[in-house]
Number of protein chains: 2
Amino acid sequence: MVDTKQRSSTRSTTIDPILDASIDTGPIKTVGDPTAPTVNVEQLGRQLLGTWADVRLAAREVTARPDMQRIEGLSMADHRLRVLEQLKVLAANGHVLRAFPKHLGGHDDHGGNIAGFEELVIADPSLQIKGGVQWGLFGAAVLHLGTKNHHDKYLPGIMDLSVPGAFAMTEIGHGSDVASIGTTATFDAETGEFVINTPFRAAWKDYLGNAAKDGIAAVLFAQLITQGVNHGVHAFYVPIRGADGTFLPGIGGEDDGLKGGLNGIDNGRLHFDDVRIPRENLLNRYGDVAEDGTYTSPISSPGRRFFTMLGTLVQGRVSLDGAATAASALALTIAITYGSQRRQFTAGSDTDEEVILDYQRHQRRLFPRLATTYAQTFAHDEFLVKFDEVFSGKADTDDDRQDLETLAAALKPLSTWHALDTLQEAREACGGAGFLAENRLVGLRADLDIFATFEGDNNVLLQLVAKRLLTDYSRKFATADAGALARYVVQHAAGRAYHGTGLRTLGQTVFDRGSTARSVGALRDADVQRELLTDRVESMIGEVAGKLRGATKLPKKQAADLFNAHQNELIEAARAHGELLQWESFTRALDAPMDSGTRQVLTWLRDLFGLGLVEKNLAWYLIHGRLSAQRAQAVTAYIDRLIARIRPYALDLVDAFGYSPDHLRATIASGIEAERQAEARDYYAEQRASGSAPAAEKPAVKPARK
Amino acid sequence: MVDTKQRSSTRSTTIDPILDASIDTGPIKTVGDPTAPTVNVEQLGRQLLGTWADVRLAAREVTARPDMQRIEGLSMADHRLRVLEQLKVLAANGHVLRAFPKHLGGHDDHGGNIAGFEELVIADPSLQIKGGVQWGLFGAAVLHLGTKNHHDKYLPGIMDLSVPGAFAMTEIGHGSDVASIGTTATFDAETGEFVINTPFRAAWKDYLGNAAKDGIAAVLFAQLITQGVNHGVHAFYVPIRGADGTFLPGIGGEDDGLKGGLNGIDNGRLHFDDVRIPRENLLNRYGDVAEDGTYTSPISSPGRRFFTMLGTLVQGRVSLDGAATAASALALTIAITYGSQRRQFTAGSDTDEEVILDYQRHQRRLFPRLATTYAQTFAHDEFLVKFDEVFSGKADTDDDRQDLETLAAALKPLSTWHALDTLQEAREACGGAGFLAENRLVGLRADLDIFATFEGDNNVLLQLVAKRLLTDYSRKFATADAGALARYVVQHAAGRAYHGTGLRTLGQTVFDRGSTARSVGALRDADVQRELLTDRVESMIGEVAGKLRGATKLPKKQAADLFNAHQNELIEAARAHGELLQWESFTRALDAPMDSGTRQVLTWLRDLFGLGLVEKNLAWYLIHGRLSAQRAQAVTAYIDRLIARIRPYALDLVDAFGYSPDHLRATIASGIEAERQAEARDYYAEQRASGSAPAAEKPAVKPARK
């Protein structure tokens with residue numbers, strides 16, 4: 001038998017003496033060393049499962065079932081059929097219906113619903129997303145935007161999948177700017193009907209799951225017009241196909257055809273030509289039209305009403321954050337398992353090739369992404385708790401809802417980009433084997449590609465976050481006491497002085513800020529990391545706020561140009577804010593009860609995440625006098641040190657994600673590489689032992705006759 | 001008719017006053033402004049086509065043919081059949097056979113051959129790569145490693161595709177470390193045959209194009225063993241399948257099945273069990289075995305012999321550099337065309353939505369990648385000229401060959417990673433439309449994914465570059481005069497002083513280096529950019545060389561560990577070297593004859609590339625005292641300025657790549673978006689003009705009855 005788990009590197013990595021003596025530079029302790037910490041994988045695994053651990057474990061039983069999993073290489077038509085059948089299984093077992101009302105067979109359990117649902121990405125992202133379309137968008141819109149009559153009439157068919165439906169919001173011409181969609185629903189008081197129209201080609205609904213083939217109804221978003229007034233975007237329940245599967249009169253559509261991934265979903269386009277639906281089909285929780293055409297709403301501001309309606313649909317972003325994180329964890333499990341078995345090049349020996357995970361570059365490629373995946377896992381669980389509190393009504397103020405949406409807008413971009421980046425790095429780290437479909441990395445990457453732009457384009461979402469941060473910032477100073485303002489002015493002035501007079505002032509600035517990074521060793525201090533990360537977000541926002549001051553007094557065009565000239569900075573500030581939130585979640589996770597060995601290793605991983613963020617933005621810290629050049633250099637040296645420290649625990653840290661071979665389903669993560677390596681090494685060892693190995697060529701052979 | 005080309009932004013972008021007065025901060029001049037520069041697109045296009053412009057134009061006629069293009073959504077089996085048929089067309093038209101000997105119907109034209117060949121990526125990367133396997137690897141190995149008998153016997157069938165073949169080098173267990181492959185070819189003097197064996201599972205040949213289905217022969221790489229001595233890796237011509245398409249006795253294999261892309265190629269595995277081939281099947285240009293089993297070689301050093309043999313196969317890397325650059329250009333043409341038509345959000349107007357290419361963030365996402373693609377295009381042409389000189393024998397010294405290989409190892413990683421990055425950013429910049437197969441970005445990205453790890457893993461290649469740079473560095477000091485050494489010592493000492501005593505010294509260092517970046521305006525100076533970029537490469541290599549000094553005296557294991565502790569730094573230094581080479585090519589391209597307007601815009605683009613590299617590594621320049629904090633900040637501000645300047649020329653710059661709609665084949669780049677936008681705007685304008693537009697809701701509506 002081959003030991004496929006080479007948990008500890010025997011390499012005693014040599015590290016440069018680091019500039020500051022406060023960091024110990026002794027040899028890295030390995031697992032074999034009795035004084036080295038050990039990780040309690042089971043305990044850590046339970047912590048990673050989070051608040052809805054049991055729901056996740058139940059979902060993982062489903063995702064381990066072969067009949068629920070993706071088969072690589074199916075045609076688009078067959079893949080669509082298979083996913084539809086799998087959806088029926090989900091409807092039957094009811095796990096994914098937890099969020100629906102109890103009296104209809106659900107559990108009113110919003111957090112648990114998402115926790116179970118996002119696990120489906122491991123079986124097949126098409127299954128996850130098609131389920132998301134049916135129950136998380138189409139069904140959730142009826143639930144959250146409709147009222148009791150709608151629930152009783154429509155939800156049973158939605159829940160049991162007898163009515164597959166589309167979520168018809170996005171148009172060819174309007175994705176992120178939903179408020180500007182072109183589809184109209186004009187109330188005709190004479191017949192008591194809404195008349196749905198697609199006024200031009202750009203107003204065709206597009207990219208809708210279930211629209212190309214399976215959908216027989218849709219929740220349609222349109223401009224509600226009654227009595228000559230446009231009351232903005234509202235949702236309507238619209239039947240689209242008859243019993244024979246063809247479009248109802250006035251409705252047409254197209255298949256979006258092959259996509260870069262998620263080909264188990266039948267995305268398509270819809271358009272409407274004088275399609276009449278009863279007045280009651282308006283999902284009227286936030287706006288209603290009386291028989292005579294009078295419009296009423298519990299929310300008087302059209303803008304607030306619109307954002308309230310859209311806010312009920314935040315769960316899509318929540319679940320993408322979770323699914324993207326799960327896919328990243330899976331990818332790293334595959335790549336780190338393979339990397340701990342694969343050998344290439346003899347560097348420190350004449351006969352034994354190195355395990356590739358012992359190469360510094362390989363560690364640099366995978367471990368920081370592992371740290372980020374941990375941070376995201378902890379941040380996601382807190383995010384899900386917040387979501388559950390809002391949707392269960394436990395904590396459901398306007399502020400709570402706004403915080404939730406800002407959190408979603410900050411976290412979803414980071415985790416979805418991270419998943420693409422991690423899947424790609426894992427693919428490359430597995431070489432040619434990573435490119436084979438049987439090893440899953442390429443398929444997952446293709447499927448998750450669209451996560452970066454659906455449910456809100458990542459760049460647009462980050463801009464929303466930035467705008468919220470700017471608003472908070474100006475509010476803070478609207479109500480600030482004199483002391484706060486004075487401190488701001490002083491800081492601002494200090495910044496100016498430094499900009500004006502250059503480096504000598506910078507030097508003083510660094511030393512004045514004694515609490516930050518007084519010594520390199522302090523980089524290990526959570527408070528120092530927090531201050532570095534927080535300070536950057538606040539300073540970036542403050543800086544842009546200063547530049548935008550007075551923009552409100554400018555003509556609209558000039559104000560827009562001024563804002564646009566800082567758009568990139570703002571988006572970077574929002575990213576920094578999201579990263580800070582992730583870092584804070586990771587740091588809070590260290591407070592959970594755990595043994596000291598696990599805490600030690602997890603703290604290294606948190607430090608790697610935090611200092612990785614500092615390293616990525618090192619120029620900012622240098623320019624703004626937050627770190628001296630010497631300390632900035634020590635950041636990189638300390639990261640190298642952390643990476644070497646984490647090496648012996650890399651397999652423990654991915655094992656704690658808890659994916660079994662039935663979830664991984666990647667040949668190269670099955671232990672086969674260790675078997676092959678052992679076979680090859682045995683072959684050469686036997687040759688050497690028996691003296692049957694051919695001799696190496698002598699340095700000089702006879703010159704050839706030419 | 002709709003004007004689908006909105007060449008100039010009417011936006012007068014507002015930019016922060018930049019800190020240094022030497023940069024003008026007036027409004028950006030647009031094309032409408034008679035004093036603004038204009039780009040001569042045709043002239044620029046000819047320059048971009050490079051040295052083999054006519055060959056490229058002829059190849060583009062082929063890639064514009066529908067029968068030569070990829071059809072999205074074909075099954076793997078159908079895609080393989082289609083590509084094989086397309087290969088027959090290429091064989092018949094002879095364009096891709098330019099590199100073969102004249103007496104066999106070729107042209108001995110090595111540069112032209114690659115120039116035409118790499119254009120095929122635009123039709124279908126599977127076609128390009130399968131052609132590359134047949135003629136660029138299998139055929140080229142016979143040509144460059146074989147001798148006249150082999151040429152006359154094998155090349156005709158290879159050229160006309162009657163003998164499709166595999167290039168059987170990589171094994172499951174050894175990709176980048178070719179010297180360690182396990183397959184053996186043991187000479188049996190009694191029968192005058194080589195006996196081929198696969199001694200263990202890891203020695204199976206893998207990922208070989210043509211191996212799963214079409215190949216009837218292979219060039220096989222194996223350890224040549226004769227008279228009990230292993231003479232290292234050599235190439236052998238081995239028939240693998242009979243006329244009936246089944247494997248010959250002793251040979252077995254497997255299909256690699258579905259991959260992340262390139263599914264028009266039948267990659268597979270091969271293994272050999274006592275397969276006997278005649279002695280004459282050894283491709284014996286660099287090593288031969290006589291009838292009695294005596295080994296001879298014109299190259300006495302086994303190491304040099306191995307690298308000489310592998311060096312003859314550098315053309316794969318050359319063509320990947322060109323194909324990756326072409327795919328990047330195509331992706332940017334699609335995304336920038338669409339971005340100049342697509343509108344979203346009203347920012348500066350009540351009615352007109354903004355063209356998304358006018359958003360700063362969108363520009364920041366696309367224009368730096370455009371600048372890099374230009375740099376790569378110019379660098380690739382010079383690389384191809386160098387390749388042609390070596391392979392035609394015009395300049396074919398050992399140094400020339402080594403330089404060519406280092407160039408290949410430096411440029412191929414950068415351009416292949418850039419293509420993946422650019423295709424992804426272009427995909428995201430086109431939103432959901434970018435995810436549809438019909439818009440080509442996802443398919444190209446999937447196909448090019450493997451470029452990052454085949455023909456040499458990118459990280460391994462960059463490490464090779466770093467080792468060459470280290471060797472050159474130590475050689476330089478072995479022969480340095482006292483003055484050079486003194487200068488080095490002074491620089492090094494200055495560095496030390498700064499590391500030791502901190503920022504005050506840093507300040508002096510900055511000001512002492514008066515020639516570099518004396519003012520922000522100097523950033524526009526090519527010599528300043530060159531010095532910044534060159535200095536960084538030299539300093540990084542010098543720094544690591546200092547740390548590795550004495551490593552040769554350490555025991556092997558410790559030396560390897562010491563090297564490994566700096567592996568990441570070394571690879572980053574190699575990357576910086578490659579980027580410098582690209583920058584130098586771009587800068588030389590500005591010396592070509594061109595009108596002043598084109599030169600102006602191209603210079604902005606070069607500056608964007610150069611300063612983008614400085615910005616990416618700003619922390620390094622700050623830490624090492626090459627830029628003051630104030631100047632570092634100005635780098636970003638000046639990049640923002642350059643991006644706004646380039647905006648009006650973005651369409652010209654992608655049009656100059658010269659791809660017609662037949663090459664683009666992306667619905668969203670066809671002008672359809674401009675038509676849809678115009679239709680929507682006309683609809684609303686008509687409503688406003690006729691007074692039929694519904695009124696907007698008044699701020700407060702009646703409260704709802706609850």
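Residue numbering restarts at 1 for every chain, and letters A, B, ... go by the order of the sequence lines. No hydrogens, no waters, no symmetry mates; every other heavy atom, side chains included, goes into these values. Computed from a predicted model, the values in this text were never measured in an experiment.
Between chain B and the options A/Asn459, A/Thr184, A/Asn263, the largest number of non-hydrogen pairs under 4.5 Å is found for A/Asn459. Across A/Glu438, A/Glu353, A/Glu72, the residue that shares the most heavy-atom pairs under 4.5 angstrom with chain B is A/Glu353. Listed options B/Val442, B/Thr226, B/Thr453, B/Asn617 were ranked by heavy-atom pairs under 4.5 angstrom with chain A; first place goes to B/Thr453. With chain A as the partner, the residue from B/Gln223, B/Met76, B/Gln677, B/Arg365 showing the most heavy-atom pairs under 4.5 Å is B/Arg365. Comparing B/Gly73, B/Ala632, B/Gly261, B/Gly443 by how many heavy-atom pairs each has under 4.5 Å with chain A, the most go to B/Gly261. Among the candidates A/Lys556, A/Arg364, A/Arg676, the residue making the largest number of heavy-atom pairs closer than 4.5 Å to chain B is A/Lys556. Of the listed residues (B/Ile172, B/Asp457, B/Asp256, B/Leu618), the greatest number of heavy-atom pairs within a distance under 4.5 Å of chain A belongs to B/Ile172. Interface summary for chain B: among A/Gly434, A/Ala202, A/Pro199, the most heavy-atom pairs under 4.5 angstrom belong to A/Pro199.
The parts of A/Ser176 that come within reach of chain B are both its backbone and its side chain, each placing non-hydrogen atoms under 4.5 angstrom from that chain. Contacts between A/Ala680 and chain B at a heavy-atom distance below 4.5 Å involve backbone atoms as well as side-chain atoms. Contact of A/Trp417 with chain B is made through the side chain alone, with heavy-atom distances under 4.5 Å. In this structure, chain B has heavy atoms under 4.5 Å from both the backbone and the side chain of A/Ala433.
For A/Tyr684 and B/Phe200, the gap between ring centers is short of 6.0 Å.
A/Phe345 places none of its side-chain heavy atoms less than 4.5 Å from the side chain of B/Ser180. Using a 4.5 Å cut-off on side-chain heavy atoms (C-beta onward), A/Arg427 and B/Ile450 make contact. Residues A/Arg445 and B/Gln424 meet the side-chain proximity criterion, which asks for heavy atoms closer than 4.5 Å. Proximity of A/Phe435 to B/Asp449: side-chain heavy atoms (C-beta onward) are separated by under 4.5 Å at one or more points. The side-chain heavy atoms of A/Tyr207 and B/Leu436, taken from C-beta on, include a pair separated by under 4.5 Å. A/Glu697 is listed as a side-chain neighbour of B/Arg305, based on a closest heavy-atom distance under 4.5 Å. Within the 4.5 Å cutoff, no side-chain heavy atoms of A/Pro694 are placed close to those of B/Val229. Using a 4.5 Å heavy-atom cutoff, the side chains of B/Leu420 and A/Glu428 are in contact.
With values rounded to the nearest 0.5 angstrom, B/Asp640 atom CG is found 7.0 Å from A/Glu569 atom CD. Here the straight-line distance linking atom CZ of A/Arg361 with atom CD1 of B/Ile571 works out to 4.5 Å at 0.5 Å rounding. Atom CD of B/Gln567 is separated from atom NE2 of A/His362 by 10.0 Å, given to the nearest 0.5 angstrom. The CG atom of A/Asn568 lies 7.5 Å from the CD1 atom of B/Ile643; values are rounded to the nearest 0.5 Å. Atom-to-atom distance recorded for A/Gln463:CD and B/Tyr359:OH is 8.0 Å, nearest 0.5 angstrom.
A salt bridge between A/Glu673 and B/Arg201 is absent, with no side-chain N of the basic residue lying under 4.0 Å from a carboxylate O of the acidic one.
The side-chain contact (heavy atoms from CB on, under 4.5 Å) search around A/Ala696 returns none, not counting sequence neighbours.
Of all the heavy atoms in A/His174 and B/Arg342, the pair that sits closest is N-NH2, 3.9 Å. Here the closest heavy-atom approach between residue B/Gln344 and residue A/Gly173 is recorded as NE2-O, 3.0 Å.
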